[in-house]
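Data first, discussion second: the structure below is written as structure tokens.
Everything numeric here is computed off the predicted structure, so don't read it as measured data. Atoms within each ligand, like the ligands themselves, are counted from 1 in listed order.
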Amino acid sequence: MEFVSTRGGGTPVSFTEAFARGLAPDGGLYVPRHLPLLASDILVEDAMPYAALAWDFLSLFDTDHDSEHLIDIIDRSYGDFSDTINAPLQQLGDNLFVLELFHGPSLSFKDFGLQLIGNLFEEQIERTGIPINVLGATSGDTGSAAIHGLAGKKGVNVFILYPEGRISDLQERQMTCTGAENIFPIPIKGTFDDGQAIVKELMSDLEFKDKMRLSAINSINVVRVLAQCVYYIHAYTQLPPDNRDDVNFVVPTGNFGNIFAGWMVHQMGLPVDRFIVATNQNDILYRLFNTGEYQPDMVHPSHAPSMDIQVASNFERFLYYHNEKNAKSTLALMEQFKKDGSITIPNFNASNFSATRSTDEDILANIRRVKEDYDYVIDPHTACGFQNLSPDRTHVVLATAHPAKFPDIIKKAIGETPTDPSLEALKKKEKVTYPVEATAAAVRQFLEENGI
Ligand SMILES: *Cc1c(COP(=O)(O)O)cnc(C)c1O
């Protein structure tokens, strides 16, 4: 399969190349040249083992590695989840399901993308003999998932920018207590968007990117999106047959990567009635899906910090498809966005989407209600997914993180503190951080001094 840029620049590239580059050279994001239809037996099948399903799906796109090699990479990526189903579907009510995506090593759904990415980087470094520097920004969970995917691997140093004081203590510990010498967690004074802007700036300086052999782990990497497609199919095949006709996937959303993956599989034939974009009080996407206007506001720190985002990188991929794969008009809109700071999407059609927004109070109330009604504890991000659900449709709410990652907020909501053994062990370890000034110039210099 070939991959093209949403902005139409450059020539189509292979899976391996799109993976290695992250961002396309024209500043656009890679998307598959076309979206193949899912084989119909995938959808009637009762849930296959996760790794087998992942191979079925990913081999449509990765036509570079031979089967055996890809199977091995996938097995290693999904082999050490704490639940053997990897993404088990829990039924809470007649029409209400939770897709638990937090059984990976860093306890968030981001492990699904980043475990695979870690192993693909390792394979790439072995194959080419060229070491790389991985640079990313995180609102909390991407960083810990990337670090769990890459800690201790040979030929790679990892630099993760995170907003100091705006992620939970345990999220910070997951990044800073690994003891691995190739990991550089960088607290910055600023927001996630500030970190993301620095990463984008350094990544689009092609000379620097080449010199440092920089690679990306943010959801701009198309492989993350592809990896995340798999659990939508897995969820569908775990549903009772009666619930398969009008499935609504509810996705706690920040950067639009997770929900975009679901929408992409829907384009490939997964029957879905609707995708519900669940935002916290940082509601740019809520406003977009209600008005067609994409207008960033300030970031307001919330109880669901991994969604404290205004500029949703993956939205560009959606725009591209919304423009019927017209890269020219996507480029024009992105340029206008850069110039004016906001855009109105012409002929905006949100047909498969609707959106909700949760304040911090809603988050606490939803955690409390789900505990009372179903004796089930959800994390603050997942709680946004429980906002205003109608009881007469089938809803699958994606549980994007383990509640034990956010003990303070859960305690505030229901008076108890969920725990997880891997997190308890971290509390005894020392944090190692590398504070750097929140400017592209300072981060550039740090990379030059500490890159591999
Ligand atoms: C990253 C994250 C999200 C948002 O996902 P996007 O793909 O950025 O939309 C939601 N919940 C949790 C727990 C996360 O870590």
Side-chain angles (χ1 to χ4, degrees), residues 29 98-114 117 136-148 160 162-163 166-168 170-172 174-175 192-193 195-196 217-229 231-232 249-264 275-286 288-289 299 302-318 353 355-358 363 366-367 378-387 397-406 409-410:
L29 307 185
V98 174
L99 182 65
E100 292 184 348
L101 299 175
F102 50 70
H103 296 288
S106 78
L107 310 181
S108 87
F109 82 90
K110 298 208 167 76
D111 288 323
F112 283 90
L114 289 162
I117 282 199
T138 185
S139 55
D141 293 323
T142 299
S144 42
I147 285 169
H148 280 79
I160 304 288
Y162 66 93
R166 295 190 185 211
I167 64 175
S168 86
L170 287 170
Q171 284 180 313
E172 186 175 33
Q174 284 187 314
M175 294 194 278
F192 164 74
D193 287 326
Q196 179 83 314
I217 43 97
N218 285 66
S219 53
I220 53 180
N221 197 311
V222 68
V223 173
R224 253 181 88 175
V225 176
L226 294 174
Q228 290 170 181
C229 290
Y231 48 70
Y232 285 91
F249 280 103
V250 191
V251 189
T253 293
N255 243 325
F256 207 68
N258 196 0
I259 197 164
F260 178 75
W263 184 83
M264 219 165 84
F275 292 94
I276 301 179
V277 182
T279 73
N280 63 19
Q281 62 194 8
N282 296 293
D283 60 355
I284 178 171
L285 293 171
Y286 171 83
L288 168 78
F289 283 102
V299 174
S302 81
H303 284 346
S306 302
M307 291 156 49
D308 288 348
I309 288 168
Q310 285 289 343
V311 180
S313 325
N314 273 286
F315 180 61
E316 180 168 342
R317 289 195 165 102
F318 176 72
F353 288 94
T356 61
R357 153 177 72 181
S358 299
I363 289 175
N366 290 345
I367 295 172
I378 51 175
D379 98 289
H381 303 81
T382 307
C384 298
F386 281 85
Q387 188 73 7
V397 180
L398 274 59
T400 49
H402 195 294
K405 285 186 103 164
F406 307 94
I409 293 157
I410 309 294

H381-F406 aromatic ring centre distance below 6.0 Å: yes
Test applied, ring pair (Phe, Tyr, Trp, His ring centres under 6.0 Å); reference residue, Y232; option that passes from F260, F112, F249: F249
Per-atom contacts, ligand 1 versus G257 - under 4.0 Å to a heavy atom: 6 (P), 7 (O), 9 (O)
Contact atoms of ligand 1, heavy-atom distance to T253 under 4.0 Å: 9 (O)
Nearest heavy atoms of I363 and H303, plus distance in Å: CD1-CB, 4.0 Å
Nitrogen or oxygen of T400 less than 3.5 angstrom from that of ligand 1: yes
Short side-chain donor-acceptor distance under 3.5 Å, N314 and N255: no
Ring centres under 6.0 angstrom apart (F353, F318): yes
For H381, the ligand 1 atoms whose distance to one of its heavy atoms is below 4.0 Å: 11 (N), 12 (C), 13 (C)
Residue and atom name of the nearest protein heavy atom (relative to atom 7 (O) of ligand 1), distance in Å to one decimal: N258 N, 2.9 Å
D141 side chain to S306 side chain, donor-acceptor N/O pair below 3.5 angstrom: yes
The one among P252, G140, S139 that brings a heavy atom closest to atom 10 (C) of ligand 1: P252
Shortest protein contact, atom 4 (C) of ligand 1 (heavy atom only): G254 N, 3.5 Å
Modelled atom types, side-chain donor and acceptor of Q174 and K405, under 3.5 Å: yes
Per atom 3 (C) of ligand 1, closest listed option by heavy atom (F406, F256, F109): F109
Atoms of ligand 1, numbered as shown, that sit under 4.0 Å from any heavy atom of D141: 12 (C), 13 (C), 14 (C), 15 (O)
Those atoms of ligand 1 less than 4.0 Å from some heavy atom in K110: 1 (C), 2 (C), 3 (C), 14 (C), 15 (O)
Straight-line distance of L398 CG to C384 SG, nearest 0.5 Å: 13.0 Å
Polar contact flag for N255 and ligand 1 (N/O pairs, less than 3.5 Å): yes
Contact check: M307 vs ligand 1, nitrogen or oxygen atoms, below 3.5 angstrom: no
